[in-house]
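Order of listing sets the numbers, starting from 1, for every ligand and every atom in it. Just so it is clear, the values below take in all heavy atoms, side chains as well, and ignore hydrogens, waters and symmetry mates.
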Amino acid sequence: MSSSLAAGSCVPCRRGAPALSDADVAARLQALGGAWQLAPFADSGVPVLQRSVRFRNFRTALAFTNAVGAMAEAQKHHPALLTEWGSVRVAWWTHAIGGLHDNDFICAAKTDELLAAAEGVKE
Ligand SMILES: C[C@H](O)[C@H](O)[C@H]1CNC2=NC(N)=NC(=O)C2=N1
């Protein structure tokens, strides 16, 4: 399902659209293969889909950050990104509904595809 998630395209998500059920979230988390966690994001408190990746240096961390940003712009769906020396934290959630939507899982899967092609990743 992860590859089918990555092949998906985000849709405009309006206020009032339903957030995914716990069961749907669990199924999609499993489809992503275990690298992503649900974490309450400090300032908003809503559960977000989050992954941290370690990089050999800031240059490669920033290059990956920019690749995720370009994908987000193309999908019109945007993450929280924390880029530090040696790591990038990516968090996806849907502001319009204050929760998780299919868009978040599609973008997480697309993030993993960018990671597979990224330079400087520390396993
Ligand atoms: C019209 C467009 O879909 C919205 O403005 C988008 C932009 N990017 C977005 N990104 C995220 N993460 N959540 C949103 O609700 C959101 N809304």
Task: N or O contact, Arg14 vs ligand 1, cut-off under 3.5 Å - done: no

Task: Any donor-acceptor N/O pair, Lys110 side chain to Ala6 backbone, under 3.5 Å - done: yes

Task: Min side-chain heavy-atom separation Lys76-Asn103 under 4.5 Å - done: no

TODO: If you have a sec, work out which protein heavy atom is nearest atom 13 (N) of ligand 1 and how many Å separate them, to one decimal?
DONE: His95 N, 3.1 Å

- [ ] Ignoring hydrogens and angles, tell me if any N or O in the side chain of Asp104 forms a donor-acceptor pair with the backbone of His101 under 3.5 Å.
- [x] yes

Open item on the list: Under 4.0 Å from atom 4 (C) of ligand 1, can you find at least one protein heavy atom?
Closed with: no

Task: Contact partition for Lys76 relative to ligand 1, non-hydrogen atoms under 4.0 Å - done: backbone

Open item on the list: When you compare ligand 1 with Thr94, is there at least one nitrogen or oxygen pair between them that comes in under 3.5 angstrom?
Closed with: no

- [ ] State yes or no: do Val68 and Leu62 share one hydrophobic cluster built from I, L, V, M, F, W and Y residues joined by side-chain heavy-atom distances below 4.5 Å, directly or via other members?
- [x] no

Open item on the list: Is the shortest side-chain heavy-atom distance between Arg51 and Leu115 below 4.5 Å?
Closed with: yes

Task: Any N or O of Pro12 closer than 3.5 Å to N or O of ligand 1 - done: no

- [ ] Could you tell me the residue and atom name of the protein heavy atom closest to atom 16 (C) of ligand 1, and the distance to it rounded to 0.1 Å?
- [x] His77 ND1, 4.3 Å

TODO: Return the residue, atom name and 0.1 Å-rounded distance of the protein heavy atom closest to atom 8 (N) of ligand 1.
DONE: His78 ND1, 2.8 Å

Task: Test item: protein heavy atom less than 4.0 Å from atom 10 (N) of ligand 1 - done: yes

Task: Trp93 touching ligand 1 at heavy-atom level, < 4.0 angstrom - done: yes

Open item on the list: What I want to know is whether Asp104 and ligand 1 share at least one N or O pair that is separated by under 3.5 angstrom.
Closed with: no

- [ ] Answer whether the closest heavy-atom distance between the side chains of Phe64 and Thr83 falls below 4.5 Å.
- [x] no

Task: Protein contact to atom 15 (O) of ligand 1 [nearest heavy atom, distance to 0.1 Å] - done: Ala96 N, 2.9 Å

Open item on the list: Any donor-acceptor pair under 3.5 Å linking the side-chain atoms of Thr111 with those of Trp36?
Closed with: no

TODO: Side-chain contact test, heavy atoms from C-beta onward, threshold under 4.5 Å: evaluate it for Arg54 versus Ser52 and give yes or no.
DONE: no

